[in-house]
Every structure is written in structure tokens, then in C-alpha cells.
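Each remark here refers to the structure printed beneath this line.
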Amino acid sequence: MSEENEENEESEKRAGGKPQLTRQGSIRRTSLLDAAETVLVAKGNADASLRAIAGEAGVRVGHLQHYFPTRADLIKAVLERALDRSLERLAETTGLRLTRDDPSVIEIPEGRANPADVVAVVLAEQEDPQLVRLYVEVWALAARDDEIAAVVREFYRKYVAHVEAYVQQGRPDWSAELCRARAETFVALVEGAALMRSGIAGSRSGAMDEQLAQQAVQLLRD
């Protein structure tokens, strides 16, 4: 069967002409995202073209563009998947649930998770060198591509919104501005630390990890 016929079978048209993926189409889409991550991590952003990613996936560029018309669309999907995974792990600890479309809609559980546990979950993600390398390569792409930069900003907007909700849960007496400032500082601290702790921009040490955790917990506490 040709790729064109496969594409037709893997998606159906819904109102407005937008494709709705079948189960097989969803599987193919996932494999393309996996290929994009592999190229970004193993080869770097300079080789993260649609052609290189299609080659990694073993498909034609046209087949890749059936799912992701532009590179920005593809990078956005890679980031959204990574964000979903991160927020799911964070939500398991905080108990907070934010909708993907409107981060202002929050389900707040009874009781508040220990800030030290939250920090431990966030820092544990930095133990995965491939995940850190993925973010580094995407940051490099964003520095030169306005479309991808917009995707990255949206990624961190959602991340900050989750942390802000957690801070507000613990300190309902604080203003929204203070809670957001704490959340933004927390995200800036731990994301910047990824470069040092991964060995890309420095050498990791137990003393640094201890100080980092203490400062991060303090931002979430009071």
C-alpha cells in the first residue's frame, strides 16, 4: 500500500476539514514524534530539518507533513508531549490539575503536598540526560526561529501556571503578582540548573544540589 493511501486510511475528515486521526494514525504520529526527539538529541538542532526527521522515521517528507505541515508544528508537538509528561509527574505529587487549554482552571485537592517532595520530582527529571539535551536543542532552535520561540514561551507559560497554582494553594493570603513572581523565579532557577547539573555548562556536586534544593523549596514555601 502506498504512503498516500495509508495517510488517507489513517485520518478522517471532521467538521472544518481538519484531520481526525484513527488509532493507526495516532500510532504513526507517535513514531514521528519519537523520530524528532531522536534527531534533536543525537544530531542536534542543526540537523533537525523535516527531511532529517523523515529519514529517521523511514518515511517521505510528504508523509511527515501529513501530520506536521511545518517544523514549528512538529517541534510544538514534541514540546507539548514533553510538557504533558512533566506536568503529569508533577501533578501526581502536587495533586493539582490544570486544563491544557486554560491553565487558570485548577482543581485544588484537600491538603497540600510537601514542597520538598515537589522539588524532588522536578529535579529528578534532570537525571535524564536525553531529556535535558532535548530541551537544550529546542532552546537553541528558539533563539533563531520566531515560530519555535513562541512555542517555547507557551510551554513555559503552562509550567509557570502550575507552579503558581501550587504556591497560591499554600499562601492564599499572597497576591497573584507575588505568587506568579515566586513561580517564575522557581522555574528560572531549576531550568537554569539543568545546564549545570547535566554537565553541559558545569560540574555537578552534592553541595550544589543541596543548596539548589533548599532555595527551590524556600520559593515554594514562604
Working to the nearest 0.5 angstrom, can you tell me the gap between [X] [atom1] and [Y] [atom2]?
{"X": "Arg60", "Y": "Leu50", "atom1": "CZ", "atom2": "CG", "value": "13.5 Å"}
{"X": "Arg197", "Y": "Leu212", "atom1": "CZ", "atom2": "CG", "value": "6.0 Å"}
{"X": "Asp173", "Y": "Gln168", "atom1": "CG", "atom2": "CD", "value": "8.5 Å"}

Is any side-chain heavy atom of [X] less than 4.5 Å from a side-chain heavy atom of [Y]?
{"X": "Leu40", "Y": "Leu141", "value": "yes"}
{"X": "Val190", "Y": "Val119", "value": "no"}
{"X": "Arg89", "Y": "Thr93", "value": "no"}

Option from Arg182, Glu184, Glu177 for which side-chain contact (heavy atoms from CB on, under 4.5 Å) with Arg180 holds:
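When Arg182, Glu184, Glu177 are each tested with Arg180, the side-chain contact (heavy atoms from CB on, under 4.5 Å) holds only for Glu184.
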Give the minimum heavy-atom separation between Ala149 and Ala142, together with the two atoms involved.
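Looking at all heavy atoms of both residues, the shortest contact is CB-O, 3.5 Å.
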Would you tell me whether Glu191 and Tyr156 have side-chain atoms, one donor and one acceptor, within less than 3.5 Å of each other?
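Yes - a donor-acceptor pair under 3.5 Å links their side chains.
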Is it true that Ser198 and Gln126 share a donor-acceptor pair across their side chains at a distance under 3.5 Å?
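On atom types as modelled, these side chains do not qualify, holding no pair under 3.5 Å.
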Could you tell me whether [X] and [Y] make a salt bridge, using a distance below 4.0 angstrom between a side-chain N and a carboxylate O?
{"X": "Glu88", "Y": "Arg85", "result": "no"}
{"X": "Lys158", "Y": "Asp84", "result": "no"}
{"X": "Glu147", "Y": "Lys76", "result": "no"}

Looking at Asp145 and Ile148, would you say the former's side chain and the latter's main chain have a donor-acceptor pair under 3.5 Å?
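Flag set: sc Asp145 to bb Ile148 pair under 3.5 Å.
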Please check this pair: side chain of Tyr166 against backbone of Ala113, looking for a donor-acceptor N/O pair closer than 3.5 Å.
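Such a contact is found between Tyr166 side chain and Ala113 backbone.
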Go through the steps for Lys43 and Glu137 under the test salt bridge (charged side-chain N to carboxylate O under 4.0 Å, His left out), then give the verdict.
CA-CA 9 Å; Lys43 301 180 180 179; Glu137 297 300 339; over 6 Å; no
Would the number of heavy atoms belonging to other residues, nucleotides or ligands and lying under 6.0 Å from CZ of Arg51 be above 12?
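No, because the 6.0 Å sphere around CZ of Arg51 holds 12 heavy atoms or fewer from other groups.
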Assess the residue pair Arg204 and Glu127 against the criterion (salt bridge (charged side-chain N to carboxylate O under 4.0 Å, His left out)); give the C-alpha distance rounded to whole Å, side-chain angles, the decisive distance to 0.1 Å, and a yes or no.
CA-CA 11 Å; Arg204 179 180 176 181; Glu127 304 296 331; 2.9 Å; yes
Would you please indicate if the ring centroids of Phe186 and Tyr159 are separated by under 6.0 Å?
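Centroid separation for Phe186 and Tyr159: 6.0 Å or greater.
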